[in-house]
Amino acid sequence: MARKKITSLLGDDPVYSKQFGDKPKPTEPTPKPEPVKAEKPAARPSPAPKRETETRPPATEPTATPKAPSNQKAPEKKPAPRPKSPKKPATRAVHVRAAPKKDHGPGLDALEAAGLPASDVVRLAGKRAIDKFELKPKYVAPDDTERLPSNMSFRTMKTLDAQVLDKLRDQADPLRLRSDAAVIQGQLEPVFWSELTSLIKELRKQYS
């Protein structure tokens, strides 16, 4: 059986000592405890702000495009479109004719005697006249002069401005009864006569 432990008395109990005739010892005044100054808690260093983790995905480095092989041809550039040229005026082919004047007869006969056919001389003069001829929009009536027979006339085909021809016909032939050759005769014959006169003089000097 466990023994009961007697509690030990620590210090003097005045009530207990009085019962046994002991004078109580004067109790020493207990010193007042000095007020303890409340120590201020040391300031704790504020934790460093946490860096916000970026939610953006990491940037991917651009991958280098593979170089084209050296033997591969570069795409051909399309040529720049050419500027549109202005529209050419409408033209019309005309059977032109020009007859020598009667005054040209003696010169043609002299060249014929020198071995130059008169028809060839007339043809050459006609080619020169056609090269110099320029059609004008003003009508000129044919000169009233004597001409050699029609078999001595110069005939060819000439392409002329259709708009100018129509203007001449409006002036000289509003009813459209005459040919284009008749409408331009007054402009063409003077050029032909001038060339024929010069050619006859030139050839007679050479073949006289």
Side-chain angles (χ1 to χ4, degrees), residues 68 70-208:
S70 58
N71 58 356
Q72 186 176 0
K73 295 181 179 179
E76 296 181 359
K77 294 182 180 180
K78 294 183 179 180
R82 296 180 179 178
K84 294 182 179 180
S85 57
K87 292 183 179 180
K88 295 181 179 180
T91 57
R92 190 156 66 233
V94 181
H95 290 278
V96 296
R97 57 183 175 82
K101 292 192 296 184
K102 192 174 182 179
D103 297 342
H104 292 119
L108 292 173
D109 292 339
L111 293 175
E112 187 88 32
L116 296 176
S119 59
D120 291 348
V121 177
V122 170
R123 186 181 304 173
L124 181 56
K127 288 183 178 181
R128 290 182 179 180
I130 287 297
D131 292 340
K132 294 182 178 181
F133 177 66
E134 293 182 3
L135 185 63
K136 297 178 182 179
K138 185 176 181 180
Y139 174 73
V140 178
D143 191 1
D144 186 14
T145 186
E146 293 187 40
R147 297 171 176 80
L148 293 177
S150 59
N151 60 345
M152 294 293 295
S153 298
F154 165 74
R155 294 180 177 85
T156 189
M157 183 76 72
K158 178 70 174 178
T159 302
L160 299 172
D161 191 326
Q163 188 176 2
V164 177
L165 286 171
D166 291 338
K167 288 182 179 180
L168 294 175
R169 293 176 72 88
D170 291 339
Q171 299 173 31
D173 185 28
L175 299 179
R176 300 297 193 267
L177 299 176
R178 303 167 64 182
S179 65
D180 289 337
V183 172
I184 69 171
Q185 182 180 355
Q187 294 189 45
L188 178 60
E189 278 189 335
V191 181
F192 169 71
W193 292 336
S194 176
E195 291 297 324
L196 182 57
T197 301
S198 299
L199 183 60
I200 290 173
K201 292 179 179 181
E202 177 186 338
L203 293 177
R204 290 192 68 176
K205 288 181 179 179
Q206 296 179 11
Y207 295 92
S208 58

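Tyr207 and Ala114 make their closest contact through O-CB, 3.7 Å (heavy atoms, listed as atom of the first residue, atom of the second, distance). Pairing each heavy atom of Arg97 with each of Leu188, the nearest pair is O-CD2, 4.0 Å. Across every non-hydrogen atom of Leu148 and Lys101, the tightest pair is CG-O, 3.5 Å.
Salt bridge annotation for Asp170-Arg176: present, with a cationic side-chain nitrogen under 4.0 angstrom from a carboxylate oxygen.
More than 12 heavy atoms of other residues, nucleotides or ligands sit less than 6.0 Å from atom CD of Gln206. Heavy atoms of other residues, nucleotides or ligands lying less than 6.0 angstrom from CZ of Arg123 number 12 at most. Environment of CD in Glu202: crowded, with over 12 heavy atoms of neighbouring residues, nucleotides or ligands closer than 6.0 Å. The environment of Arg147 atom CZ is dense: over 12 non-hydrogen atoms of other residues, nucleotides or ligands sit within 6.0 angstrom.
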Between side-chain atoms of residues 161-168 and protein atoms elsewhere (two or more places apart, or another chain), which donor-acceptor pairs fall under 3.5 Å?
| residue | atom | partner | partner atom | Å |
| --- | --- | --- | --- | --- |
| Asp161 | OD1 | Gln163 | N | 2.9 |
| Asp166 | OD1 | Arg92 | NH2 | 3.1 |

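Formation of a donor-acceptor pair under 3.5 Å by the Arg169 side chain with backbone atoms of Arg178 is found in this model. With Glu146 contributing its side chain and Lys102 its backbone, the two residues share no donor-acceptor pair below 3.5 Å. Side-chain N or O atoms of Thr197 include one that pairs as donor or acceptor with a backbone N or O of Trp193 at under 3.5 Å. Of the possible polar contacts, one joining the Glu112 side chain to the Ala118 backbone as a donor-acceptor pair under 3.5 Å is found. Gln187 places a side-chain N or O within donor-acceptor distance of the main-chain N or O of Lys136, the cut-off being under 3.5 Å.
Side-chain contact check for Arg204 versus Ile200: some heavy-atom pair is nearer than 4.5 Å.
Remark: Asp120 CG to Leu111 CG distance equals 11.0 Å, nearest 0.5 Å. To the nearest 0.5 Å, atom CG of residue Leu124 and atom OG of residue Ser119 are 11.5 Å apart.
Shown here are the salt bridge (Lys or Arg N to Asp or Glu O under 4.0 Å) partners of Lys205, two or more places apart in sequence or in another chain: there are none.
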